[in-house]
Protein chains: 2
Amino acid sequence: MADEPIATIDRNSYEPAYAQLVRILRGQIAAGVFRPGDRLPSEAQLCERYDVSPMTVRRVVNILTDQGVVIAEQGRGTFVKPLELGTATFDLDRLQQLFREGQSTVKLLKAHITSATERTARKLAIKVGDRTVFIRRLIFQGEKPMLLHREHVIYDPTRPLIEAEMEVTALRGLFSGGGGSDLKRGDLTIDATVLIEEEAALLHSEVGVPALRLEHIFYDFDDQPVSWGWFICSGDRLRFTATIGFPD
Amino acid sequence: MADEPIATIDRNSYEPAYAQLVRILRGQIAAGVFRPGDRLPSEAQLCERYDVSPMTVRRVVNILTDQGVVIAEQGRGTFVKPLELGTATFDLDRLQQLFREGQSTVKLLKAHITSATERTARKLAIKVGDRTVFIRRLIFQGEKPMLLHREHVIYDPTRPLIEAEMEVTALRGLFSGGGGSDLKRGDLTIDATVLIEEEAALLHSEVGVPALRLEHIFYDFDDQPVSWGWFICSGDRLRFTATIGFPD
DNA sequence: TAGTGGTCTAGACCACTTA
DNA sequence: AAGTGGTCTAGACCACTAG
């Protein structure tokens, strides 16, 4: 009984016991008390040390497992996971921030009904020549043009999709969750491209500059594609970042 | 009491009750039984319908919340979340697959001790002129060169880092979790670039072709950078993909 | 006040690993 | 056989929301 862990659970805190214990254990891992590959104390030991019930400890271990911090092996123990480059996940936080109130303005460049080309028809699972609405928008951060957005939406005369989609709020809704409530899922891909003349002019950049392209296809609850489009941003203005491991 | 849900929990299944209920509810959401914005049945109702205890239902709701499928509001209910573009996460699965056994071969192009330039020194938090090891590797899938890797590792004469890092297994370890057990965390960024002459030659591509660049810095448990490097792959050979919503 | 989700208990039984 | 994690029960009390 040399050095008990100093940290204890504060039952009077607004932070729930399970959250406190998650924080304590993550901190110990980040501090190197438990190194990758080490075995954590058994669940029974954790119950005793921190004076919580088995269910609470189980919940803590589940959370750490979901977070990718540890791996639990039945009959052996719970172990700290080593770094795995492959577990990194990139999110669109930076992009989402652009669409928060006051952070950005959206300018509608063009929107008109057109006929689907072979490529558009394939992406939207419609026939060549079917009517679609082609929309182009430019998203500014302050005075700076940050993003160029192109989108093909299936033209449905029974619903006033056109006006709703053209609105600035429709774009914001996609990012903050207000608008697209008829959509079941979306597929996204990131790839690299270079700015062509039109894009360079709109983004106040230059032809041939490396740029990221975020393509999206959204589907409704009948698994029918509804829209296909993509954002383009010059590479020096926006990046995707991720952290793996224990950034505490 | 018109139409009870047909799906029930099979207590004899190897699939735990909580997992079955998660699957059932996700399926109902994907099928449009519950639409974005709808309220799910209350926890008490779910207990009754599926004949499980409150704790099991709570666990299910927690899982669905963690998955971003629903949002629980105290005192009001649990609601199906609408699509949010900003919640999309891109992972490196495709990249990781390359490094699985038999999927790829790694060719060491060059590895030598050098002195840190201003840029390298800044990235690795060392002084200009300090010794580093510069490594270049080429990763093949079958006969095709897929990835070019450049990396600067801090030279530590007390440890045989050089040999270990140069090994093919070191790279594979980064992706599958065997090797980097002295590393605390890593920061990653994705950006766009175009191939320069040397890169194009090695990757059997052409100058100016758009390419993705995955940069990484790894830190040890003293928060000291250990290595800085990046992968380059031509954009038509590798993409990052994500799906949001209910892809069931 | 009634209903909702949020947390937590103090066990139980099981499957698995290791010795 | 002993120890580990995996699941589950049948409640309890609390905080919050709504009518």
Side-chain angles (χ1 to χ4, degrees), chain A residues 7-26 28-29 34 36-82, chain B residues 7-26 28-29 34 36-82:
Chain A
T8 58
I9 307 291
D10 175 11
R11 310 314 289 239
N12 298 324
S13 168
Y14 284 104
E15 191 183 18
Y18 78 91
Q20 292 184 50
L21 188 47
V22 165
R23 189 169 40 76
I24 289 170
L25 292 179
R26 277 190 68 102
Q28 290 179 345
I29 292 171
F34 303 114
D38 288 356
R39 219 200 69 182
L40 289 188
S42 77
E43 304 194 350
Q45 288 172 324
L46 290 174
C47 290
E48 202 181 319
R49 285 197 200 171
Y50 295 99
D51 194 26
V52 289
S53 79
M55 268 305 287
T56 301
V57 166
R58 295 261 51 242
R59 184 170 180 184
V60 168
V61 173
N62 278 335
I63 289 171
L64 291 176
T65 303
D66 289 345
Q67 291 179 347
V69 173
V70 304
I71 182 167
E73 296 182 29
Q74 200 172 35
R76 302 213 321 126
T78 303
F79 301 86
V80 179
K81 247 187 166 179
Chain B
T8 58
I9 307 290
D10 175 11
R11 312 313 289 237
N12 297 324
S13 168
Y14 284 103
E15 191 182 17
Y18 78 91
Q20 292 183 51
L21 188 46
V22 165
R23 189 170 42 75
I24 289 170
L25 292 178
R26 278 190 68 102
Q28 290 179 345
I29 292 171
F34 303 115
D38 289 355
R39 219 201 68 183
L40 288 187
S42 78
E43 304 194 350
Q45 288 172 324
L46 290 174
C47 289
E48 202 180 320
R49 286 197 199 171
Y50 295 98
D51 193 27
V52 290
S53 80
M55 267 306 285
T56 301
V57 167
R58 294 262 49 244
R59 185 171 180 183
V60 168
V61 173
N62 278 334
I63 289 171
L64 291 176
T65 302
D66 289 344
Q67 291 179 347
V69 173
V70 303
I71 181 167
E73 296 183 28
Q74 199 172 37
R76 303 213 320 125
T78 303
F79 301 87
V80 179
K81 249 187 165 179

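Proteins come first, then strands; the chains are lettered A, B, ... in the order of their sequence lines, and each starts at number 1. These numbers come from a predicted model, not from an experiment.
We find that CD1 of A:I9 is positioned 14 Å from P of C:dT7, with the value rounded to whole Å. Going from atom CZ of A:R58 over to atom C1' of D:dT4 covers 10 Å, rounded to whole Å. In this structure, B:E15 atom CD and D:dT7 atom C1' are separated by 13 Å, rounded to whole Å.
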Side-chain donor-acceptor distances from residues 69-81 of chain B under 3.5 Å, at least two apart:
{"residue": "B:E73", "atom": "OE1", "partner": "B:R76", "partner atom": "NE", "Å": "2.9"}
{"residue": "B:E73", "atom": "OE1", "partner": "B:R76", "partner atom": "NH2", "Å": "3.4"}

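Sorted by first then second residue, the salt bridge (charged side-chain N to carboxylate O under 4.0 Å, His left out) pairs that include residues 37-46 of chain A, not counting sequence neighbours, are A:E43-A:R58. Contacts classified as side chain to side chain donor-acceptor pair (under 3.5 Å) and involving residues 61-71 of chain B (residues at least two apart or in different chains) are given here: B:R26-B:Q67.
Regarding contacts with the backbone of D:dT4, a side-chain N or O of A:S42 is found under 4.0 angstrom from either OP1 or OP2. The shortest distance between the side-chain N/O atoms of A:Y18 and the OP1/OP2 oxygens of C:dT7 is below 4.0 Å. Applying the 4.0 Å criterion to OP1 and OP2 of C:dG5, one finds that B:T78 has a side-chain N or O inside that range. For the OP1/OP2 pair of D:dT7 and a distance below 4.0 Å, the side-chain nitrogens and oxygens of B:T56 include no atom meeting the criterion.
Judged as a side chain to side chain contact (heavy atoms under 4.5 Å, CB included), and not counting sequence neighbours, the contacts of B:A44 are B:S42. Partners of B:P16 by side chain to side chain contact (heavy atoms under 4.5 Å, CB included), not counting sequence neighbours, listed by chain and number: B:Y18, B:A19. Among residues two or more places apart in sequence or in another chain, the side chain to side chain donor-acceptor pair (under 3.5 Å) test is passed with B:E48 by none.
Contacts of A:R59 with the nucleic acid, taken as non-hydrogen atoms under 4.0 Å apart, involve only primed sugar atoms and P, OP1 or OP2.
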When you check every protein heavy atom under 4.0 Å of nucleotides 11-19 of chain C, what one-letter string (B, S, -) results, 5' to 3'? B---BBSS-

Dot-bracket for DNA chain D, 5' to 3', counting Watson-Crick or G-U wobble pairs under 3.5 Å, with [ ] for crossing pairs and | for inter-strand pairs? ||||||||||||||||||.

